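Comments concern the structure below.
Just so we're on the same page: letters track the sequence lines, and every chain starts at 1. Remember, it's a predicted structure, so these values are computed and weren't measured experimentally.
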2 protein chains.
Amino acid sequence: MLEIYQLEQLLAFAKYGTLSKAAEELHLSQPALSRSMQKLEAELGVTLFERQKNKIILNQNGSLAVEYAERVLNQAKDMMERVQAFDRSQRTISVGSCAPAPLWSTIPLLSTLYPEMTISSDLKNTEVLLQGLKNRIYQFIILHEEINDSDIHCMKYGEEHLFLSLPPAHPLAERNGIYFEDIDGESFLLRSRIGFWNDLCLKKMPASHFLVQDDQFSFEELVKNSALPCFTSDLVIKRDGTPTNRVIVPILDPEANVSYYFICLIETKKKMEVVLHEIGRHML
Amino acid sequence: MLEIYQLEQLLAFAKYGTLSKAAEELHLSQPALSRSMQKLEAELGVTLFERQKNKIILNQNGSLAVEYAERVLNQAKDMMERVQAFDRSQRTISVGSCAPAPLWSTIPLLSTLYPEMTISSDLKNTEVLLQGLKNRIYQFIILHEEINDSDIHCMKYGEEHLFLSLPPAHPLAERNGIYFEDIDGESFLLRSRIGFWNDLCLKKMPASHFLVQDDQFSFEELVKNSALPCFTSDLVIKRDGTPTNRVIVPILDPEANVSYYFICLIETKKKMEVVLHEIGRHML
DNA sequence: CACAATTACGAGGGTCGTAAAAATG
DNA sequence: CATTTTTACGACCCTCGTAATTGTG
C-alpha cells in the first residue's frame, strides 16, 4: 500500500525539481529517495517520471499524482491537528470575561476544583463572549450585565466599584466623589488588558490621553513615581492592598459601579453544579 | 509521522470492536496491532482508547480520529484510482461508433498504427457519442450522419446497405427489393450489439418480434437451421462471404442505406493526421 | 477456562547510507 | 569535472510473530 512518507517525498521532489535537492531537504540520501520513488511507481502500477540518463522529471501521471498527494497530505495533517485540538479542548476549561477582576478568584477556584485541567481565560467584549459560549469555546463567561435567554444560566457574581487614584497633592484629592466628566481631558496611566473598562474610559473621557502600560510591575513603578492619576477599584485594593502615597476617590457614574454575572449554558448547568455552588459561596 | 497502514488498522479496530478480531481480519497478530495502535497514539500525542485490563474501546479522541482516518483513506484510494485511470486513458484509444461494421476495419487499422496502445470501442447513440467526443472520452467517433460544427472534423468513411436474408423457400425470396413496411409483423433473428440498426428495426417494424441472439456462433447456427428471416449487409458479406442457403434482398428504404462519417475534434486533427490519412485510403 | 490485551524477545523485511558506475554539459 | 541518477551491498531500524503474563466473565 501507498504510504504517507512516500507522498511527502513525492511532493518534495515536485517542489525542488531534482532528487538530490529534494533528498537534501528531506534529510535523506539521493539513492534512498530514488528507490522510494521507484517503489511508489511500482505500487501505483504507473510511471510517474520521465527518465533520461542523468535527469528525471514528472510526467503527466506524476503531475496528477502530486495534486492528489497534496490533498491526501493536507487531510492527514488536518486529522492530526483536529484530533490534537479536540484532545486539548477536553482537558481545558475556558473562561471568558469582560474584565480581569472576576478572573482573579475564578481561575484559582477552577484550578482547585479541576486540578487536572488546564484553565484558559480570555478578555473579550460581551458579543464575542456570548457567541463563544454558544459555540462551546467557553464553558463559562463573566459579563457586567444580566442576560435573559432560555438557553443561558445567569447568576450574580458580585460587584466592582471604580476609584480614581490620585497623588495627595492633586487638586481633586479632597473630593468625596467624582464624575468622569470632571476629569475628562486629563492624562491617565492605564493598564492594558482591562476588558470593558478600556472602552468605558474612551467613551466617558473622549478628551483624555491614556498612557497604556502592558506590564504590571512597570505600571506600579510609574504610579509610585509620577503624579499622574490612574484608576483602581475595590477589587484591586482587596487583592493588592491600599496603594501607598495615593488618595482614592469614588467615581460616581453608574457605569463605574458594575455587577458581574457568572454565566453558563443551561445544558451544561448540571455538569457544572459544583462550580456554580462554589462561585455562589465565594462572591466577589 | 502518521502512516496510512496505521489508519487502516485503526479503521479495522473501529469496525470489528476488538483488537483480536481486527487483527485477524487484517491478517496480523494481536500483539502487532496492539503495539501499532500504541504507536499511533504516541505519534498523535493523544490517547485514542480507554483501556481496561482485558478490554479496549475507542474514547472520544479515537472516534474523532476514526472519522478523519476514513477521509484520509478514501482520499488516498481515490488518488490511486484516478492516477491509474489517467494512465490507462493515456495508453488507450477509444473509438465510439453508431454501428459495428465500421469498427471491423477501424480497430485493426488503429492497432497497426499504434501497436503499443490499447484500442477500446463502444456502441452508443449519436448524442452520447458526440458528448463523449467533446469530453475526450472518445478520440474518434463514427456516425451515420454528417456533423457540421466548428469544433469537429468530419469525413465520409463509406456506406453500408442493408439486406434481408431469407431461406430460398420464403415467399418474398424472389423480390428484387423490399421495404420495411412489407415485412412488418414478421419475426426475425437479430444480433445484439448492432448499434443504431436495433433502434431502426424497432421503429420501422413496430409489429415485429425480434429473437435477439448475443453470441455470434449461436446466431449463425440458428440462421442455418431455421427458416426465420434475418438481416445482413454488404459489409457483413464482404467480411464473412455470401451466406449459404440464403437469398438476399436489398432493403430499399433510405434509412437502410447509410453513409458513415469518421469524426474527431478539430483540436486533435493535427495529431491524428496519420489516422485520417489511412482511414481515407481504406474506405469501407 | 475461553478470551482479550499487554509485554518480552528474537526473526525478517525494508529502508537507509556508502560506494561505485554511467551519463551529461 | 561537477552534477545527476541508478545500481549494488551491507547495516540497522522497525514491524512482525511466538510465547508468556495478567485479567475478566
Going 5' to 3' along DNA chain D, which are the first and last nucleotides with any atom under 4.0 Å from a heavy atom of chain A?
D:dT4 to D:dC9
Where protein sits on nucleotides 3-9 of chain C, one letter per nucleotide: B base, S sugar-phosphate only, - none, heavy atoms under 4.0 Å
-BBBB-B
Does any donor atom in the side chain of B:Q139 or B:S94 lie under 3.5 Å from an acceptor atom in the other side chain?
no
To the nearest Å, give me how far apart CD1 (A:I57) and P (C:dT24) are.
15 Å
Please work out if B:F49 contacts a base, only the sugar-phosphate, or nothing of the nucleic acid, heavy-atom cut-off 4.0 Å.
nothing
So do A:F196 and A:N125 actually touch side chain to side chain, heavy atoms under 4.5 Å?
no
Less than 3.5 Å apart, any donor N or O on the side chain of B:Y138 or B:D122 sitting next to an acceptor on the other?
yes
Answer with yes or no whether the side chains of B:E160 and B:Y260 bring together a donor and an acceptor at under 3.5 Å.
yes
Any side-chain donor-acceptor pair under 3.5 Å between B:T47 and B:E41?
no
Taking CG from A:L40 and P from C:dG14, how many angstroms apart are they, rounded to a whole number?
16 Å
Can you find a side-chain donor-acceptor pair between A:T106 and A:Y157 that sits under 3.5 Å?
yes
Report which part of the nucleic acid B:Q9 touches: base, sugar-phosphate, or nothing (heavy-atom distance under 4.0 Å, all strands).
sugar-phosphate
Is the shortest side-chain heavy-atom distance between A:V275 and A:L110 below 4.5 Å?
yes
Between B:Q6 and B:S36, does any side-chain donor sit less than 3.5 Å from a side-chain acceptor?
no
Whole-Å distance between C:dG14 C1' and A:M1 CE?
18 Å
Expressed in angstrom and rounded to an integer, what is the separation of A:L33 atom CG from C:dC16 atom C1'?
12 Å
